[in-house]
Amino acid sequence: EKGFNVVAVELEERFLEGGLSRITDSTRKLASKAVKKGKMDEATAEAHVADTMARITATCDRSALAQCNVVVEAVVEDLTLKEKLYTDIGRVVADDCIIASNTSSLSIAKMAGYCGRPAQMVGLHFFNPVQLMQLVEVVRTDETDPVIFSRAMAFATSLAKTPVGCIDTPGFVVNRLLVPYICSALLLVER
């Protein structure tokens with residue numbers, strides 16, 4: 001939607017197909033809402049969906065990440081899966097590529113160790129639904145290069161998001177605040 005070319009990488013073709021289908025459905029839904037609100041006409045909406053989808057290259061070849069300026073990992077919260085993925089990412093990306101995880105709470109420093117490029121590693125924790133929520137936690141470790149961190153903050157802003165810088169700590173900012181509230185609410189209900 002913001003004009004970036006995107007490389008979507010999956011393990012298997014069927015996962016790519018499913019992901020592209022969800023992206024298409026979501027893009028169409030948002031365009032349809034814009035038409036209903038009078039923000040664009042049908043032809044513009046159709047062109048927008050086609051243009052968005054045309055900027056996505058889908059592949060099962062991780063070497064395609066070599067040309068990317070930003071890599072955002074968003075696999076399930078399983079460090080065993082992430083370790084292999086980050087090892088591969090570390091082998092193929094450029095020395096100035098931002099390497100990011102969309103994790104909501106796992107250690108960014110641990111994943112930085114997997115990729116062997118700790119200076120390039122940040123967290124970019126997007127909140128769901130990503131296409132609607134504005135907040136993005138941008139997480140730095142003790143080893144994150146300040147230039148990479150600054151570029152990650154600027155990248156989040158370029159997506160029309162509101163970046164919140166934070167350090168690599170369990171739960172980052174939002175979950176660290178949210179969990180105690182939830183626990184307090186449960187204790188109140190229990191009482």
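To the nearest 0.5 Å, atom CD of residue Glu137 and atom CZ of residue Phe127 are 4.0 Å apart. Here the straight-line distance linking atom CD1 of Ile99 with atom CD1 of Ile148 works out to 8.0 Å at 0.5 Å rounding. One finds the OH atom of Tyr114 at 7.0 Å from the OG1 atom of Thr80 (value rounded to the nearest 0.5 Å). To the nearest 0.5 angstrom, His125 atom NE2 is 7.0 Å from Thr103 atom OG1. To the nearest 0.5 Å, atom CG of residue Leu124 and atom CE of residue Met153 are 10.0 Å apart. Here the CD atom belonging to Glu10 is positioned 7.5 Å from the SG atom belonging to Cys60, to the nearest 0.5 angstrom.
A donor-acceptor pair is defined here as one N or O able to donate and one able to accept, closer than 3.5 Å; such a pair exists between the side chain of Asp168 and the backbone of Ala109. When atom types are taken as modelled, the side chain of Arg55 and the backbone of Phe4 share a donor-acceptor pair closer than 3.5 angstrom. In this structure, the side chain of Lys36 does not engage the main chain of Ala31 through any donor-acceptor pair within 3.5 Å. For Glu73 (side chain) and Val71 (main-chain N/O), no donor-acceptor pair under 3.5 Å exists by modelled atom type. Distance alone, capped at 3.5 Å, is enough to place a donor-acceptor pair between the Arg117 side chain and the Gly90 backbone. Listed for the Asn102 side chain is a donor-acceptor partner under 3.5 Å among the backbone atoms of Phe126. Between the side chain of Ser150 and the backbone N or O of Pro146 there is no donor-acceptor pair closer than 3.5 Å. The backbone N or O of Glu17 lies less than 3.5 Å from no partner atom in the side chain of Arg22, so there is not a single donor-acceptor pair.
Residues Ile23 and Leu30 fall into different hydrophobic clusters, defined by Ile, Leu, Val, Met, Phe, Trp and Tyr side chains chained together at heavy-atom separations under 4.5 Å. In the hydrophobic clustering of this structure, Leu65 does not group with Leu16; members are Ile, Leu, Val, Met, Phe, Trp, Tyr whose side-chain heavy atoms approach within less than 4.5 Å, directly or through other members. In the hydrophobic cluster analysis, where Ile, Leu, Val, Met, Phe, Trp and Tyr join through side-chain heavy atoms closer than 4.5 angstrom, Val136 is grouped together with Val130. Tyr86 and Leu79 end up in the same hydrophobic cluster when Ile, Leu, Val, Met, Phe, Trp and Tyr side chains are linked at under 4.5 Å. A continuous path of ILVMFWY side-chain contacts below 4.5 Å connects Val93 to Val75, so both sit in one hydrophobic cluster.
In terms of heavy atoms, Val92 sits closest to Arg62 at CG2-O, 3.7 Å. Closest approach of Phe155 and Val70 over heavy atoms only: CE2-CG1, 4.0 Å. The nearest pair of heavy atoms linking Ala152 to Val122 is CB-CG2, 4.0 Å. The two residues Lys82 and Ser101 have their closest heavy-atom pair at NZ-OG, 4.1 Å. Residues Ala8 and Ile56 come closest through the heavy atom pair CB-CG2, 4.3 Å. Taking both residues in full, the closest heavy atoms of Pro118 and Ala112 are given as CA-CB, 3.7 Å, listed atom of the first, atom of the second, then distance.
Ser26 and Gln131 form a side-chain donor-acceptor contact under 3.5 Å, judged by distance and modelled atom types alone. With hydrogens and angles left out, the side-chain atoms of Asp61 and Thr59 include no donor and acceptor closer than 3.5 Å. Using a 3.5 Å distance cut-off with no hydrogens or angles, the side chains of Thr144 and Thr141 do pair a donor with an acceptor.
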- Would Arg91 and Asp88 satisfy salt bridge (Lys or Arg N to Asp or Glu O under 4.0 Å), going step by step from the backbone distance to the final call? CA-CA 5 Å; Arg91 287 184 187 130; Asp88 290 349; 3.2 Å; yes
- Task: Could you give me the CA-CA distance, side-chain angles and deciding distance for Arg151 and Asp96, then say whether salt bridge (Lys or Arg N to Asp or Glu O under 4.0 Å) is met?
- Result: CA-CA 10 Å; Arg151 286 181 46 225; Asp96 62 346; 5.1 Å; no
- Query: So Glu46 and Arg28, salt bridge (Lys or Arg N to Asp or Glu O under 4.0 Å) or not? Walk me through it.
  - Reply: CA-CA 8 Å; Glu46 287 178 29; Arg28 282 188 177 136; over 6 Å; no
- Message: One pair to check against side chain to side chain contact (heavy atoms under 4.5 Å, CB included): Val6 and Thr57. What are the steps and the verdict?
- Response: CA-CA 6 Å; Val6 174; Thr57 301; over 6 Å; no
- Task: Evaluate the side chain to side chain contact (heavy atoms under 4.5 Å, CB included) criterion for residues Leu135 and Val164: first the C-alpha distance (whole Å), next the side-chain angles of each, then the deciding distance (0.1 Å), finally the verdict.
- Result: CA-CA 7 Å; Leu135 186 64; Val164 175; 3.2 Å; yes
- CA sep, side-chain torsions, deciding dist, call: Val7, Gln67, side chain to side chain contact (heavy atoms under 4.5 Å, CB included): CA-CA 9 Å; Val7 176; Gln67 301 303 313; over 6 Å; no
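Summarising the local packing, CG of Asn128 is surrounded by more than 12 heavy atoms from other residues, nucleotides or ligands at distances under 6.0 Å. Within 6.0 Å of CD on Glu42 lie no more than 12 heavy atoms contributed by other residues, nucleotides or ligands.
In this structure, Gln120 and Ile98 have side chains that are not in contact, with every pair of non-hydrogen atoms separated by 4.5 Å or more. Counting only heavy atoms from C-beta outward, the side chains of Ile108 and Arg140 never approach each other to under 4.5 Å.
Remark: Lys110 does not engage Glu83 in a salt bridge, criterion side-chain N to carboxylate O under 4.0 Å.
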